[in-house]
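A quick note: this is a predicted structure, and the numbers were derived from the prediction, not measured. Every chain is numbered from 1 and lettered A, B, ... according to where its sequence line falls, protein lines coming before strand lines.
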Amino acid sequence: MPVRVRFAPSPTGFLHVGGVRTALYNWVVARQAGGAFVLRIEDTDEARNREEWVTGIDEAMRWVGLDWDERHRQSERADRHAAAAERLAAAGRTYWCDCAREEVDARARERGGPPGYDGHCRDLGKGPGGDAALRFRTPDEGTTTVVDVVRGEPAFPNAGIEDFVVVRSNGKVMFVLANVVDDIEMGITHVIRAEEHLPTTPKYLLLWEALGGGAPPVFAHLPVIVNEKRQKLSKRRDPVALELYRDEGYLPEVMLNYLALIGWSPPDGRERFTLAEMVAEFRLEDVGKSPGFFDVAKLRAFNGDAIRALPVEEFTARCQPWLTGPLAPWPPEAYDEQVFAAMAPLVQERVAVLSEVPAMVDFLLLSDVRVDEDDWARAAKPEAVAPLLDRVLEAWAEVPWEHVADEREPLKDSLFAIGDELGLNRKRAQAPVRAAVTGRSVGPPLFESLVVLGRERTLDRLRAARARL
RNA sequence: GCCCCCAUCGUCUAGUGGCCUAGGACACCACCCUUUCAAGGUGGCAGCACGGGUUCGAAUCCCGUUGGGGGUGCCA
């Protein structure tokens, strides 16, 4: 039987990073088996069915490079779901129930037992219509066991599984049923999803059997991804949208690499690997069981390494959204390809995410520098800064405007010579110049930057700074 | 409350009964390099939750405790 897996996100406005990992594992399993990766958008809840949210999923998937073989929208299969519900009803596996939530709760309280539905309408022979919902009759005895590649065989006593609703009173089919129907009809062989679905899996299995689905799929419930407080990442309090990381300048291949590592690592334990390597080495049974923390610090470290490993041309190409695109902090005409090309290698080894690039070169592209108050104050503190700037201004008006490593380095030599005479070490001598010219206390190497900036602009900025002293 | 899951450095993990005085990575600290910041180099800190078993031998197997998490909808 050909391997067929599915990734079934519901449109919530963005693609959740945890979902990306789930999609990745599914995709890898499909690719290594030469099977099919099905993208199934579970949009049956109207509140989550906004068109742009649906296309947002496609875009996000494309960005990370997880291509699908089939794409379905659950909402388009409503008739299939309804037909399945009818089959269940015809087979006597369901019954109509018009108990209100409050009644169910009240009875549970009286009973003193666990909350949940008590089977009140089971044998009342009620019909559809009004507030009636269709409930699935669950077994009172026995155990439903989930055979799970990563969890073993968790067993659930059937007595603890309430008669759950499969069709709402408004006629809409519930998620579990739609899920099972789609999985059966789409020939899904492996259900790889987040651990939070484990508790509903017995219901899934019961329905699967009731619908005559044949051999159930192989399950793999992946450990959840948690925040620093060890809670499942939530869209309300945690930065979970893949788009956020994309706009911050994380590389898609790094996102995949890092996410893969939460829950799985290659046999040899190395941490950096490509998608192709993962396809070659991944095994579902090697997936870990414990929840994993989404550590942005580590993601950043991986990203910085990956950026540095890029050929410069590619680095430059990948920077375009922040240089000439919508994420650039300046108008398109401010960008100068030549200027950036001169700085690119120096910038490349200093950023961890691409969104940090503009701040590294803005002083070269913008006509006015905004000088950071604190940085300037710190750099300008020593008494000797005023005479230093005076003498540098004088010297640099004459000196050859170049910086040649290992040979003559006129800019550098003159600055440090002046600094020496005034009792300022190299660190303190370059600081006021850097702050005056670039606006910040950190940035790419100073003399290289000045060469690109040019004599006139450099001297202008130094004069302006001298005047502020 | 009830059901289910989980438990190795701060974090992600390697480890599947002797190879473990527990390895790597990120973070952190120190030093080196150095025109800032990075990068790089060297070194360091730091862990098998606890208690019982099983065994010649347990991070590895079993039971319990504790701690954490998930689920418990006419959401997906």
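Nearest to the side-chain atoms of A:Thr44 among the listed nucleotides B:U35, B:G69, B:A76 stands B:A76. Counting only heavy atoms from C-beta on, A:Phe175 has its side chain closest to B:A76 among B:C26, B:A76, B:A7. Comparing B:C12, B:U35, B:A39 against the side chain of A:Phe416 picks out B:U35 as the nearest. Side-chain proximity of A:Glu42 to the nucleotides B:C74, B:A76, B:C12 is greatest for B:A76. Nearest to the side-chain atoms of A:Pro154 among the listed nucleotides B:A25, B:C4, B:U8 stands B:C4. Comparing atom distances between the A:Glu349 side chain and each of B:A38, B:C37, B:U11 picks out B:A38 as nearest. Here B:U36 is the nucleotide among B:U36, B:C74, B:G70 with the atom lying nearest to any side-chain atom of A:Val442. For A:Lys298, the listed nucleotide lying nearest its side chain is B:A25; candidates were B:U36, B:A25, B:A76. Closest to the side chain of A:Arg434, from the set B:G24, B:G69, B:U36, is B:U36.
A:Arg230 comes within 4.0 angstrom of the backbone, heavy atoms only, and of no base. In this structure, A:Phe293 reaches the sugar-phosphate backbone alone: every heavy-atom distance under 4.0 Å involves primed, P, OP1 or OP2 atoms, never a base. Counting any heavy atom pair closer than 4.0 Å across all strands shown, A:Glu196 reaches sugar-phosphate atoms only and no base atom. Heavy atoms of A:Leu198 sit under 4.0 angstrom from primed sugar atoms or phosphate atoms, though from no base atom. A:Arg300 comes within contact range of no nucleotide atom at all, as no heavy-atom separation falls under 4.0 Å. Residue-level contact check: A:Pro445 touches the bases, meaning some heavy atom is under 4.0 Å from a base atom. A:Ala431 comes within 4.0 angstrom of no nucleic acid atom, judged by non-hydrogen atoms across all strands. Note on A:Gly304: nothing from the nucleic acid sits closer than 4.0 angstrom, heavy atoms only. Residue A:Pro267 is classed as having no contact, given no heavy-atom separation below 4.0 Å to the nucleic acid.
A gap of 35 Å separates the P atoms of B:A25 and B:G67, to the nearest Å. For the P atoms, the distance from B:C19 to B:A38 is 41 Å, rounded to whole Å. Rounded to a whole angstrom, the distance from the C1' atom of B:U13 to that of B:G47 is 12 Å. Nucleotides B:C48 and B:G15 have their C1' atoms positioned 10 Å apart, rounded to a whole Å. Taking atom C1' on both B:U54 and B:A59, the two are 16 Å apart, rounded to the nearest angstrom. Using atom C1' as the reference point in both B:G23 and B:U65, the two lie 31 Å apart (nearest Å). One P atom belongs to B:C45, the other to B:C33, and the distance between them is 23 Å to the nearest Å. Using P as the reference atom, B:G73 and B:A22 are 48 Å apart when rounded to the nearest Å.
A donor N or O paired with an acceptor N or O is found under 3.5 Å between the base of B:C37 and the side-chain atoms of A:Arg350. For B:G70, the base has no donor-acceptor partner in the side chain of A:Gln231 [N/O atoms by modelled type, under 3.5 angstrom]. With hydrogens and angles left out, the side chain of A:Lys289 and the base of B:A7 share no donor-acceptor pair within 3.5 Å.
In this structure, A:Asn303 contributes its side chain and A:Gly249 its backbone to a donor-acceptor pair below 3.5 Å.
Comparing A:Cys99 and A:Phe156 against RNA chain B, the residue whose closest nucleotide sits nearer the 5' end is A:Phe156.
Listed pair A:Ser265 / B:A14 meets the phosphate criterion, a side-chain N or O lying under 4.0 Å from OP1 or OP2. In this structure, A:Arg272 does not reach the B:A25 phosphate: none of its side-chain N or O atoms is under 4.0 Å from OP1 or OP2. Dashed line: the shortest gap from a side-chain N or O of A:Arg101 to OP1 or OP2 of B:C74 is under 4.0 Å. Taking only side-chain nitrogens and oxygens, A:Arg426 comes nearer than 4.0 Å to OP1 or OP2 of B:U35. Of the side-chain N and O atoms in A:Arg73, none sit less than 4.0 angstrom from OP1 or OP2 of B:A76. OP1 and OP2 of B:G68 both lie 4.0 Å or more from every side-chain N or O belonging to A:Lys229. For the OP1/OP2 pair of B:U35 and a distance below 4.0 Å, the side-chain nitrogens and oxygens of A:Lys412 include at least one atom meeting the criterion.
For the pair A:Leu469/A:Leu389, a side-chain contact is recorded, criterion being any heavy-atom separation below 4.5 Å from C-beta on.
B:G68 atom P lies 18 Å from atom NZ of A:Lys232, rounded to whole Å. In this structure, A:Glu285 atom CD and B:G15 atom P are separated by 13 Å, rounded to whole Å. Following rounding to the nearest Å, A:Leu415 (CG) and B:U34 (P) show an atom-to-atom distance of 17 Å. Summarising the geometry, the separation between CG on A:Asn158 and C1' on B:C4 is reported as 14 Å, rounded to the nearest angstrom.
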Output, in order, the C-alpha distance, side-chain angles, deciding distance and verdict of side chain to side chain donor-acceptor pair (under 3.5 Å) for A:Glu195 and A:His197.
CA-CA 5 Å; A:Glu195 188 191 351; A:His197 292 281; over 6 Å; no
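Listed by chain and number, the residues in a side chain to side chain donor-acceptor pair (under 3.5 Å) with A:Lys412 amount to none (sequence neighbours excluded).
Salt bridge present: A:Arg270 and A:Glu281 bring a charged side-chain N and a carboxylate O closer than 4.0 Å. Salt-bridge annotation for A:Arg440 and A:Asp372: absent, with no side-chain N of the basic residue lying under 4.0 Å from a carboxylate O of the acidic one. Salt-bridge annotation for A:Glu42 and A:Arg6: absent, with no side-chain N of the basic residue lying under 4.0 Å from a carboxylate O of the acidic one.
The aromatic ring of A:His197 stacks onto the base of B:A76, its centre lying under 5.5 Å from the centre of the six-membered base ring with the two planes under 30° apart.
Between A:Phe294 and A:Tyr258, the distance separating the two ring centers is shorter than 6.0 angstrom.
The partner of B:U36 is absent, by the rule that a Watson-Crick or G-U pair needs both atom distances under 3.5 Å. Of the nucleotides present, B:G44 is the one that pairs with B:C28 by Watson-Crick or G-U wobble criteria, both distances under 3.5 Å.
Counting non-hydrogen atoms of other residues, nucleotides and ligands closer than 6.0 Å to CD of A:Glu141 gives a total of 12 or fewer.
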